[in-house]
Amino acid sequence: MTRARSSRRSFLKSSTLAAAATALRNAPLLAQATTHTDARIEVLPSEPLGTISPEIYSHFIEHLGGVIYDGVWVGENSKIANVNGIRKDFIDTMKAVKAPVLRWPGGCFADSYDWRDGIGPRAKRAARTAFWGQQDNNAYGLHEFMQTCRAIGCKPYLAANLRTQPARDFYQQIEYCNAPAGDIASNSAAPAAPNALAAMRAANGDREPFNVDLWGVGNESWGCGGTMTPEEYAAEFRRYTAWTPSYSKTPPRFVAVGPNGDDIDWTSRLFKALFANPERRHLWGLSIHYYTSGSPKAFAAGDALKFDDAEFYDLLTRGSLMDKVIVDAWNAATGAVPNERANGRSAGFGVKLVVDEWGAWYGKGTELAPEYNLSQQSTMRDALLTGITFDIFHRHADKVGVAAVAQSINCIHSLMLAQGDKFCVTPTYHVFRMYLPHQGAQAIRADFMAPSINNPLGDTPSQVGGNSYIGQLPPVRTLAGLSGSASLSNNGKTLNLTVVNPHLTDAMTTEISVRGASVSSAKGTVLAEKDVHVHNDFANPKAVEPRTASTMQPGGGRLIHTFPPASVTALEIALA
Ligand code: AHR
């Protein structure tokens with residue numbers, strides 16, 4: 001096992017921030033002048049990046065392995081603590097991270113799912129063979145999902161079946177979900193009458209409409225969702241959304257299937273095709289799926305627990321490509337429709353990016369049991385990837401409207417593991433909690449100046465991403481030595497600063513300054529373990545837990561803080 005060494009000589013060499021950093025390096029420290037520093041962070045409150053949508057902290061569950069059955073749904077008669085059949089620990093954990101949105105039923109599962117199979121008396125529901133080659137007894141359907149959302153206090157995000165059901169089923173599902181019970185005025189000469197689908201919903205236990213506003217129009221239509229070309233998909237998107245019933249003054253938010261990772265060609269062609277016709281009803285978002293494989297050589301490979309230092313740095317380097325994926329998708333979409341940009345429609349063209357599947361995806365070996373397909377363990381390495389990913393989303397607060405981790409429980413990049421009466425949270429869960437102050441805050445620019453780290457596996461090209469990968473990205477040879485994001489809350493008086501130090505051995509003593517403001521006090525939380533392989537499991541559920549960060553007294557309006565090796569830190573800094 002070789003330790004990857006940070007290349008201090010490469011510090012700032014390739015950085016566009018080099019000039020600013022040199023100026024800062026020469027600036028006198030007003031206090032703590034004798035403290036040695038390895039890095040600097042300069043926060044610029046006068047440069048807002050956008051409001052951080054709380055919905056980038058969203059979640060995703062699909063009938064796959066042990067996600068729904070056992071993970072979320074244990075049944076009303078279970079000895080496992082539950083609320084109307086839903087695992088109580090799942091609800092409590094989702095509440096603890098203030099989950100804003102929950103996506104269901106897929107994923108690939110969505111494009112072979114008939115929503116009518118999951119309604120009505122549970123004992124009478126048909127069992128079906130479903131995607132992922134598994135049997136679905138349909139005990140968990142639309143009403144159970146809505147109950148889950150209500151128990152958590154989050155919004156539902158449904159994915160329509162575009163591959164195997166006609167457009168009629170999509171608009172009737174909207175009708176079933178959203179039509180009010182009782183007489184509906186006909187908006188014609190016909191008399192008011194109750195809506196039959198709303199009456200069916202009421203008979204199935206929910207008189208009140210579900211008011212679902214976020215709808216994925218298909219899933220991965222370039223792959224499991226129909227192996228379509230972008231032009232074919234654009235035509236389907238238009239057909240499925242050309243008319244849908246509406247019961248609210250707020251239009252529905254339709255999300256079009258976007259690229260497989262960094263597939264710029266898909267995005268560019270899709271937008272050309274979609275905007276070739278002025279009718280794009282309620283196109284609100286473009287979905288992006290970007291997974292970081294556990295191995296640079298193959299998709300969904302590598303071991304979640306056994307990795308060496310080189311593999312550790314390489315995974316975080318490829319995970320950091322999320323930044324490129326976002327920028328490339330944005331540029332491809334806006335570049336494909338230059339007139340929209342010229343028309344000045346919002347920052348770009350009024351469409352938000354919806355990164356509704358992300359995470360580190362490993363090969364087999366750490367699943368809870370063979371039937372828990374795609375379940376995997378999760379270490380400190382995954383916690384660092386979580387921090388890096390959220391910091392990227394914050395830095396693109398103007399572009400990313402929604403993001404959902406794949407998937408919340410017993411799956412790829414999970415916050416929770418559950419098997420029967422056994423339950424634990426993963427290190428990723430802790431990062432979700434630590435990053436809560438960013439939700440809804442104003443993202444601002446922060447420049448991080450630290451020596452970059454050589455990626456020892458940097459000569460291996462990365463996969464484009466997604467489930468069925470099609471192509472490669474150029475090799476990436478360096479990983480940011482310190483990265484993070486900043487936001488303001490509490491009327492600009494509180495600075496939320498989150499920082500990932502990926503060095504396996506080096507602590508980073510860092511000078512933090514805020515342009516135009518003074519640091520008056522700081523407190524924080526840190527997630528750091530000496531061994532990055534450490535993880536929680538049923539036998540040892542608290543092996544990884546955050547602790548209070550020891551912060552120094554600010555001096556001269558600045559803060560000196562030491563970020564331990566391989567750590568995620570969340571600082572709350574009071575500004576004067
Ligand atoms: O999250 C697992 C699968 O990954 C999803 O079903 C699919 O959309 C993606 O390829």
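Read the numbers this way: they start at 1 and go in the same order the structure lists the ligands and their atoms.
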Quick one: which ligand 1 atoms are inside 4.0 Å of a heavy atom on [X]?
{"X": "E220", "result": "7 (C), 8 (O), 9 (C), 10 (O)"}
{"X": "N219", "result": "8 (O)"}
{"X": "I412", "result": "1 (O), 2 (C)"}
{"X": "G107", "result": "5 (C), 6 (O), 8 (O)"}

Just distances here: any N/O of W361 and N/O of ligand 1 closer than 3.5 Å?
no
Report yes if some N/O of C108 lies less than 3.5 Å from some N/O of ligand 1; otherwise report no.
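Among all N and O atoms of C108, at least one is under 3.5 Å from an N or O of ligand 1.
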Are any side-chain N or O atoms of [X] and backbone N or O atoms of [Y], one a donor and one an acceptor, separated by less than 3.5 Å?
{"X": "Q134", "Y": "G65", "value": "yes"}
{"X": "H63", "Y": "I68", "value": "no"}
{"X": "R87", "Y": "G420", "value": "yes"}

Describe, in one word, how the ring planes of W358 and F432 are oriented to each other, choosing from parallel (under 30°), tilted (30 to 60°) and perpendicular (over 60°).
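Correct class here is parallel.
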According to the interplanar angle, ranging from 0 to 90°, do the rings of Y291 and W361 count as parallel (below 30°), tilted (30 to 60°) or perpendicular (above 60°)?
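Judged by the thresholds at 30° and 60°, the geometry between Y291 and W361 is perpendicular.
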Walk me through it: do L142 and F210 pass the test side chain to side chain contact (heavy atoms under 4.5 Å, CB included)?
CA-CA 10 Å; L142 197 48; F210 298 142; 4.2 Å; yes
Six-ring centre of F307, R381 cation under 6.0 angstrom, axis tolerance 45°
yes
Tell me the contacting part of [X] for ligand 1: side chain, backbone, both, or neither, using a 4.0 Å heavy-atom threshold, strictly below.
{"X": "W358", "answer": "neither"}
{"X": "W132", "answer": "side chain"}
{"X": "F60", "answer": "side chain"}

Determine, considering heavy atoms only, which of E62, E357, Q407 sits nearest to atom 7 (C) of ligand 1.
E357
Is there a heavy atom in F109 that sits closer than 4.0 Å to ligand 1?
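No, that is not the case, since the closest heavy atom of the residue is not under 4.0 Å from the ligand.
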Please state whether the sulfur gamma atoms of C154 and C149 sit closer than 2.5 Å to each other.
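No, C154 does not link to C149 through a disulfide.
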